[in-house]
Amino acid sequence: MGCCDAPGLMPLEEALEKMLAGIKPIQSTLQLPLAEAIGFVLAEDILSPINVPPFDNSAMDGYAVRINELAQNQPLPVAGKSFAGQPFEGEWSPMTCVRIMTGAQVPQGCDAVIMQEQATITEDGVVFCQTQVKPNCNIRPVGDDIHQGDIVLTKGARLTARDIPMIATLGVSHLTVFRKPKIAFFSTGDELKPLGTQLKAGEIYDSNRYGIKPLIINFGCEPIDLGIIPDCPKTLKETFEKAQSLADVVVTSGGVSVGEADFTKDILDEVGQIGFWKLAIKPGKPFAFGSLGDAWFCGLPGNPVSAVLTMYVLVQPMIAKLAGHTQWKAPESIPAITRTAFKKVPGRTDYQRGIYSIENGQFVVETTGNQSSGAFRSMSLANCFVVLERERGSIEVGETVSIQLFNSTLY
Ligand code: AMP
Ligand code: MG
């Protein structure tokens, strides 16, 4: 069997291409204090205004010396001190050394620092175990890390916990970043109840908003939670219109399939435009994409695994483009040997949930068990997706499959 066994279903790659094709990155920018800029996308290159370190400084607690004097193998009296933030300022007379601490500016003329563990203080001065050292030993020269004018980060980078301290070392206090995309989201379904309430017959808790919101935040967007909307066309339509007026992207969950209470697609057809609907992926088949006025629309399937999975696989790349995050990379595929069997029928690309580990340098993967799209334990236990190609059938133990380790948005 091949993908013609799933007629009318669009392959994932084609869907992604279509989604990305229309997206124009947000252009509006704002100025932010550095400490508030984490998760935002840079709208400018960051050039270093200074050398880092800004002066030659000691990498050790010890003694600043002149190599030619050290080589004379005589005790060197201490002429003074250089501490971090309090450089030695006196005259440095010949045949003396300067007590120096880590990070302190080395005195003019110093060409080595000897660590204190290799020095003994005597009445005649400091005696060193080693008298032959290489020039600049234990000195961190000016600009050793970064030169003034170096490009440290480029426009389109999303600021991480590693970037913020990097920029702080340059003394840059404010950054120009792109505005975060706003994403309005809501759950649809008469059976859905908010947490903290008692369930009546046939009701379940609305878990999808709790799956969608953290992803929106982790994608670097601003979430707008519009709650639970019943399967009522009028209310749904009003909520679609409200959502579109508030956000760059509207994300719904549920009601996007072919059931009698599935209104999402028809309403999208009425108040917006359908780009495509129904993909050759499992889970996540009924995913719908389109536009609602100036906003983009993503209709996630209601099953909790499908909702999170389609957010991750389809919505994430689109948001990256919208946010101007040009350095975003799709998770890489890694070959892994199966340690359990994986059930599959040909026709759709499966994103099964797996647990990978590394054995003797080789990735191996096992299933998380029940792969029903309603069984969220399979996501919660997993640390990777096992991506099984469309034409593939069931997988035996010992076969090679492609896995995609979860990126930081799922942590
Ligand atoms: P639907 O896509 O509306 O047909 O829903 C498919 C399945 O997902 C049904 O079993 C729903 O009860 C369930 N479901 C829909 N929305 C949610 C939600 N927000 N939280 C948890 N389960 C949901
Ligand atoms: Mg429903």
Side-chain angles (χ1 to χ4, degrees), residues 6 8-10 15 183-217 223-240 242-243 247 249-270 272 274-290 297-315 348 350-353 368 370-382 410:
L9 301 187
M10 185 182 285
I183 306 190
F185 65 104
F186 54 94
S187 293
T188 71
D190 285 343
E191 76 281 30
L192 304 176
K193 285 290 164 293
L195 311 190
T197 57
Q198 282 290 326
L199 296 180
K200 294 200 210 83
E203 294 178 343
I204 58 168
Y205 290 118
D206 167 25
S207 62
N208 283 352
R209 279 184 304 135
Y210 293 85
I212 293 166
K213 185 176 177 181
L215 285 175
I216 292 175
I217 293 168
I224 303 170
D225 186 346
L226 298 181
I228 301 170
I229 309 299
D231 292 317
C232 157
K234 182 170 173 288
T235 319
L236 281 166
K237 202 170 139 192
E238 286 164 8
T239 314
F240 269 53
K242 177 178 171 191
V249 180
V250 175
V251 170
T252 64
S253 97
V256 78
S257 198
V258 292
E260 284 182 25
D262 290 341
F263 302 115
T264 303
K265 189 181 139 276
D266 289 346
I267 294 171
L268 178 63
D269 212 4
E270 199 184 324
I274 300 179
F276 60 79
W277 178 50
K278 284 197 178 177
L279 303 182
I281 60 168
K282 188 182 175 194
K285 180 171 86 173
F287 180 84
F289 175 72
F297 176 86
C298 297
L300 316 181
N303 274 307
V305 178
S306 315
V308 165
L309 190 136
T310 49
M311 270 299 274
Y312 183 84
V313 175
L314 290 151
V315 184
R348 294 194 259 161
D350 268 24
Y351 276 77
Q352 299 205 16
R353 281 74 67 207
T368 51
N370 181 1
Q371 295 291 305
S372 155
S373 57
F376 205 79
R377 275 284 276 167
S378 68
M379 272 299 302
S380 136
L381 291 170
L410 280 172

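Every number for a ligand or one of its atoms is a count from 1 in the order of the listing.
- In this structure, atom 4 (O) of ligand 1 lies nearest to the protein heavy atom D262 OD1, 3.8 Å.
- If you number the atoms of ligand 1 from 1 as listed, the ones under 4.0 Å from a heavy atom of S187 come out as 19 (N).
- Looking only at distances, no side-chain donor or acceptor of Y205 sits under 3.5 Å from a matching main-chain atom of G196.
- Scanning the protein heavy atoms around atom 20 (N) of ligand 1, the nearest turns out to be S207 N, 3.1 Å.
- Contact annotation for P304 and ligand 1: only side-chain heavy atoms (C-beta onward) come within less than 4.0 Å of the ligand.
- Residue-ligand proximity: G259 is placed with every non-hydrogen atom at 4.0 Å or more from ligand 1.
- In terms of protein heavy-atom proximity, atom 7 (C) of ligand 1 is closest to N303 OD1, 3.4 Å.
- Proximity of a side-chain donor or acceptor of R348 to a complementary backbone N or O of A280 within less than 3.5 Å is not detected.
- Listed by number with element, the atoms of ligand 1 under 4.0 angstrom from any heavy atom of G255 are 1 (P), 2 (O), 3 (O).
- With ligand atoms numbered from 1 in the order given, ligand 1 contributes 18 (C), 19 (N), 20 (N) to contacts under 4.0 Å with heavy atoms of D206.
- The backbone N or O of G302 sits less than 3.5 Å from a side-chain atom of N208, completing a donor-acceptor pair.
- Set against the non-hydrogen atoms of S253, the atoms of ligand 1 under 4.0 Å away are 19 (N).
- In terms of modelled atom types and a separation under 3.5 Å, the side chain of N370 and the main chain of S372 share a donor-acceptor contact.
- Contacts with ligand 1 closer than 4.0 Å are made by side-chain heavy atoms of E191 only, the backbone lying farther away.
- A donor-acceptor distance shorter than 3.5 angstrom exists from the side chain of W277 to the backbone of V256, with no hydrogens or angles considered.
- A salt bridge links R209 and D225; the closest N-O separation between the charged side-chain nitrogens and carboxylate oxygens is under 4.0 Å.
- Just one of T188, D231, T235 meets the side chain to side chain contact (heavy atoms under 4.5 Å, CB included) condition when paired with F263; it is D231.
- Inclusion of G302 in the set of residues having an N or O under 3.5 Å from an N or O of ligand 1 is warranted.
- Neither the backbone nor the side chain of A307 comes within contact range of ligand 1; no heavy atom lies under 4.0 Å.
- Heavy-atom contacts of Y205 reach the following atoms of ligand 1: 20 (N), 21 (C) (cutoff under 4.0 Å).
- Using a distance-only test at 3.5 Å, with no hydrogens or angles considered, no donor-acceptor pair links the side chain of S187 to the main chain of G254.
- In this structure, S257 has no heavy atom closer than 4.0 Å to ligand 1.
- At distances below 3.5 Å, at least one donor-acceptor pair connects side-chain atoms of D262 with backbone N or O atoms of V258.
- For ligand 1, the atoms lying closer than 4.0 Å to a non-hydrogen atom of I204 are 12 (O), 21 (C), 22 (N), 23 (C).
- Between the side chain of T264 and the main chain of G255, a donor-acceptor pair closer than 3.5 Å is present.
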